[in-house]
**Student:** 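My questions will all concern the structure given below.
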Amino acid sequence: MPFDVKMAISALKKFNQLIEEKKEYLTDLDAAIGDADHGINMNRGMKRVIEKLGAKEYATFGALYRDVAMTIMSVVGGSAGPLYGTFLMKLGQRLSESGEVSADELADAMREGLGGVMSLGKSAVGDKTMVDTLAPAIKALKDNAGGSEKDAWDACADAAEKGMKDTIPMLARRGRSSYQGERSIGHQDPGATSAFYLISCIRDAFTER
Ligand code: ADP
Ligand code: MG
């Protein structure tokens, strides 16, 4: 069973709800090592995304993710807006005219999105950012894509959760939290946390369809 545009929209709606629920928590995480705006930024952006999606019909991933990316880039301030915007823009460009994809194809497209994040952010795995969630999640999706798609998505979400938690002992090397130096150690990265929410919402949208 492929992943289709309807599931992608359902995943975005779930992501909006989860961000709404967790906005204070995300802001608390950002207060510890940043400037306490990640929850507010993401909440504002995703609300606007859902408003925009309600007014249109989408047949292709290209059209859907282009609109989502543009909205996030224009509404979400800070680093997270351009970074998530780039991730989704590249994803949409790669999937372009298609309306459904296998886990394997989606993993390839997400890898391109991640490449965009890493080149814009000059970030690598281990820098204590959203990359630490996305990279292992995409790898797990790709590695497990040969079996059942449900198992592949579960492996992807599990790897995302582990990647998020693995940011706790890391020293921040990119973004605002890097100004904290050693004091960033012992705190979970807010962007790695919201990236886990995004991946888990995609998994849920896939599983519940
Ligand atoms: P800002 O840091 O500008 O206040 P946010 O608080 O919304 O923006 O987002 C912070 C998150 O963005 C961080 O937790 C981190 O995961 C991610 N991030 C910041 N800088 C980078 C970067 N250079 N590369 C990848 N991710 C980054
Ligand atoms: Mg911040």
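Atoms considered below: every heavy atom in the structure, side chains included; atoms not considered: hydrogens, waters and symmetry mates. First listed ligand is number 1; within each ligand, the first listed atom is number 1.
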**Student:** Hydrophobic cluster mates of Leu171, side-chain heavy atoms under 4.5 angstrom, ILVMFWY only, any path?
**Tutor:**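 Ile185, listed by chain and number.
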**Student:** Counting only heavy atoms not in Arg44, do more than 12 fall under 6.0 Å of its CZ?
**Tutor:** yes
**Student:** Examine the side chains of Tyr25 and Thr193 and answer whether a donor and an acceptor come within less than 3.5 Å of each other.
**Tutor:** no
**Student:** Among Asp37, Asp35, Asp30, whose side-chain hydrogen bond (donor to acceptor under 3.5 Å, both in side chains) with Arg176 holds?
**Tutor:** Asp35
**Student:** Say whether Leu53 and Ile19 are linked into one hydrophobic cluster, either directly or through other cluster members, by side-chain heavy-atom distances under 4.5 angstrom.
**Tutor:**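 Linked within one cluster.
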**Student:** I'd like the residue list for ligand 1, meaning every protein residue with a non-hydrogen atom under 4.0 Å from the ligand.
**Tutor:** Asp30, Asp35, Asp37, His38, Asn41, Gly78, Ser79, Ala80, Leu83, Gly121, Ser123, Thr129, Met130, Arg174, Gly175, Arg176, Asp189, Pro190, Gly191, Ala192
**Student:** Going by atom type alone, with no hydrogens or angles, which donor-acceptor pairs under 3.5 Å involve a side-chain atom of residues 5-16 and a protein atom two or more places apart or on another chain?
**Tutor:**
{"residue": "Lys14", "atom": "NZ", "partner": "Glu208", "partner atom": "OE1", "Å": "2.6"}
{"residue": "Asn16", "atom": "OD1", "partner": "Lys47", "partner atom": "N", "Å": "3.4"}

**Student:** So, Ser177 and Gln180: side-chain donor and acceptor under 3.5 Å apart, yes or no?
**Tutor:**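 The answer is no; no qualifying pair exists.
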**Student:** Let's test this: below 2.8 Å, count the protein N/O/S atoms around the Mg ion (ligand 2).
**Tutor:**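 N, O or S atoms of the protein closer than 2.8 Å: 3.
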**Student:** Could you tell me if the side chain of Asp151 sits less than 4.5 Å from the side chain of Asn144, heavy atoms only?
**Tutor:**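 No, too far: nothing below the 4.5 Å cut-off.
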**Student:** Is the shortest distance from a Lys or Arg side-chain nitrogen in Lys162 or Asp166 to a carboxylate oxygen in the other one below 4.0 Å?
**Tutor:**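 A salt bridge is present here (some side-chain N lies under 4.0 Å from a carboxylate O).
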